[in-house]
Amino acid sequence: MSDNPAEKFADLTEHLKKELNLIDSDELNQMKKHKAQMQENFKKGIDEIALDEEDYLIIQEIVDNLPESFFKEFGFDKDTLMKDNWSYLEEKHPEAFKKFLKKLTEHVIVTDVGDINFSSNQPKPLRENEPIETLLKIFHQGNEKEKEDACIELEKRFFAQTHDCQIFIMKALLTADSFTRSICYLKLLPEWWDDAIIPDIERNWQTFREPNCLKVIAHRFPLDYVLSHEFEIGETDYLSLCLRLASDNDFMIDKYRLSRKEYCRIIASNHLHLDQTEAEDLLFGHILHCLTNGYQPPNYHTEYWEEKVYYSIGDFYDNYGYYLSLLLNHKPSLTFLPGMQYMIWALSNTGNTSTIMKFLLWNKRLQLNIPDFLSKEYNQADTIQLLKSNFKTYLDWSWEQLLQLAEETFPIDKSIITNEFRDADDFSVIFLKDYAPF
């Protein structure tokens, strides 16, 4: 310690600060300023926050499922609201765009989900009839190699035949090997059906107990049949049973037998509108599960909504400013949590717009309070040589900051989350985003 009294006092003061965990006035003022800024950020509405490409993708999910009548109030044409047009719209019509965003956050936008125009799967059109009798005869009477060749040809030419001829072909193929039967089931689910093959499907289920065969029964058999065999179907494939019966007012979905991901699939496929409490419980309950289990994102890479993006060297040099901005302006996002894209898509198909927008606004407020890579709060050196390693460190640091802030500012009461679903989801395999119940 120095012999100078002033220096001794300064050393003693610093020592006491450390021992007593004290802070000086400058640090206190800085903390107050930071807290005040954080409070201001959490007061901002969705129309007061700059949106980025990922936010536009979330809004696009909502827009895709809104009726045309919704856009008349703002003078927008739904067909022009494509991903590439959002920033242009925000720039050229800022006031209308702000009103549009605020309207999306309202609790009731679509009072009748039936107002939403959904596409439906249509069977492939039939081409001109072609003779098929010889192939069927070979399939039934030929040797093993002849049957195999005939089977392949029948599969290939199936959709070129008349409907009556297709029934004969399908009945034959359902007696073939397991691989061919599996192809048949996949045809029967989305593309083709006739009640004439019900006995054949029943026979196959009783004989082989193949999962996709039961899916055909749940999806394609008459409703009375499914209801009368509800217990048997549900014991083996409860998801398929729910996909078929969810729209029936007398059918009660047992969430304890489903995961959140499966429940999302059911409500999206049947376009079942949830009340606000249940919708928030579904989405924010999933987020809370991820937060409390300390989820860490996988290896970082530039991606939007789980779609990896690859860049050529030439493209990088031609657009270095853009890629550098991605690096310097990076902010962690709760959309990095597994399955968020799928859950947002599902809720957009149930008309639960306000829940999605509540998440979007909360996520943006969280991001506003995460210091930038080059900010004083993060306080890291960033020479060109150290940029790569420092940025990787920032990714981990900023993610921890996001999770901590999310825990502290959770937008709904954690105690009301039911967590009534089955074991945690495995989001490594995501259901396709379509309305097909299989």
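Numbering of residues begins at 1 and proceeds along the displayed sequence. Every value quoted in this text rests on a predicted model; they were computed, and no experiment measured them.
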Colleague: Going by salt bridge (Lys or Arg N to Asp or Glu O under 4.0 Å), name the residues that satisfy it together with R181, two or more places apart in sequence or in a different chain.
Modeller: E210
Colleague: Applying side-chain contact (heavy atoms from CB on, under 4.5 Å), run through E191 and F159 and close with a yes or a no.
Modeller: CA-CA 10 Å; E191 299 177 287; F159 284 109; 4.0 Å; yes
Colleague: So, taking the atom named CG in D275 and the one named CG in D281, what distance separates them when rounded to the nearest 0.5 Å?
Modeller: 9.5 Å
Colleague: With a 4.5 Å cut-off on side-chain heavy atoms, are Y263 and C242 touching?
Modeller: no
Colleague: Between Y342 and C264, is any pair of side-chain heavy atoms under 4.5 Å apart?
Modeller: yes
Colleague: Quick one, I49 and N41 - any side-chain contact, counting heavy atoms below 4.5 Å?
Modeller: no
Colleague: Apply salt bridge (Lys or Arg N to Asp or Glu O under 4.0 Å) to D149 and list each qualifying residue two or more places apart in sequence or on a separate chain.
Modeller: K145
Colleague: What I'd like to find out is whether the side chain of L366 reaches to under 4.5 Å of the side chain of F42, using heavy atoms alone.
Modeller: yes
Colleague: I'd like to know whether CZ of F410 has more than 12 heavy-atom contacts from other residues, nucleotides or ligands below 6.0 angstrom.
Modeller: yes
Colleague: Does some side-chain heavy atom of W397 sit less than 4.5 Å from a side-chain heavy atom of P371?
Modeller: yes
Colleague: Any side-chain heavy atom of F221 within less than 4.5 Å of one from E202?
Modeller: yes
Colleague: Got L402 and F336 here, is their nearest side-chain heavy-atom distance under 4.5 Å?
Modeller: no
Colleague: Distance from D52 atom CG to K331 atom NZ, nearest 0.5 Å?
Modeller: 10.0 Å
Colleague: State yes or no: are the ring centers of F158 and W192 separated by less than 6.0 Å?
Modeller: yes
Colleague: Quick one: do R265 and E262 satisfy salt bridge (Lys or Arg N to Asp or Glu O under 4.0 Å)? Show the steps, please.
Modeller: CA-CA 5 Å; R265 185 180 186 184; E262 290 171 332; over 6 Å; no
Colleague: E278 and K255: salt bridge (Lys or Arg N to Asp or Glu O under 4.0 Å), yes or no, with the steps?
Modeller: CA-CA 12 Å; E278 184 181 3; K255 295 180 184 177; 2.7 Å; yes
Colleague: Set out, in order, the CA-CA distance, both residues' side-chain angles and the distance that settles salt bridge (Lys or Arg N to Asp or Glu O under 4.0 Å) for R157 and E153, then state yes or no.
Modeller: CA-CA 6 Å; R157 296 169 59 182; E153 189 65 19; 3.7 Å; yes
Colleague: Relative to W205, does R209 satisfy both conditions: NZ or CZ under 6.0 angstrom from the six-membered ring centre, and within 45 degrees of the ring's axis?
Modeller: yes
Colleague: In terms of heavy-atom contacts, does NZ of K414 have more than 12 from other residues, nucleotides or ligands at under 6.0 Å?
Modeller: yes
Colleague: Would you call the rings of F251 and Y238 parallel, tilted or perpendicular if under 30° counts as parallel and over 60° as perpendicular?
Modeller: tilted
Colleague: Measuring from L368:CG to M38:CE, what's the distance to the nearest 0.5 Å?
Modeller: 10.5 Å
Colleague: Determine whether more than 12 heavy atoms belonging to other residues, nucleotides or ligands lie under 6.0 Å from atom NZ of K102.
Modeller: no
Colleague: What distance separates F359 CZ from S354 OG, expressed to the nearest 0.5 Å?
Modeller: 14.5 Å
Colleague: Would you mind telling me which of N352, I356, L347 makes a side-chain contact (heavy atoms from CB on, under 4.5 Å) with L283?
Modeller: L347
Colleague: Show, in sequence, the C-alpha distance, side-chain angles and deciding distance for Q404 and E407, and conclude whether the side-chain contact (heavy atoms from CB on, under 4.5 Å) test is met.
Modeller: CA-CA 5 Å; Q404 180 180 340; E407 286 273 15; 5.8 Å; no
Colleague: Which pair of non-hydrogen atoms, one from G351 and one from H273, has the smallest distance, and what is that distance?
Modeller: O-CE1, 3.4 Å
Colleague: For the CE atom of M170 and the CG atom of L154, what is their distance to the nearest 0.5 Å?
Modeller: 10.5 Å
Colleague: Does the side chain of T350 reach to within under 4.5 Å of the side chain of H271, using non-hydrogen atoms?
Modeller: no
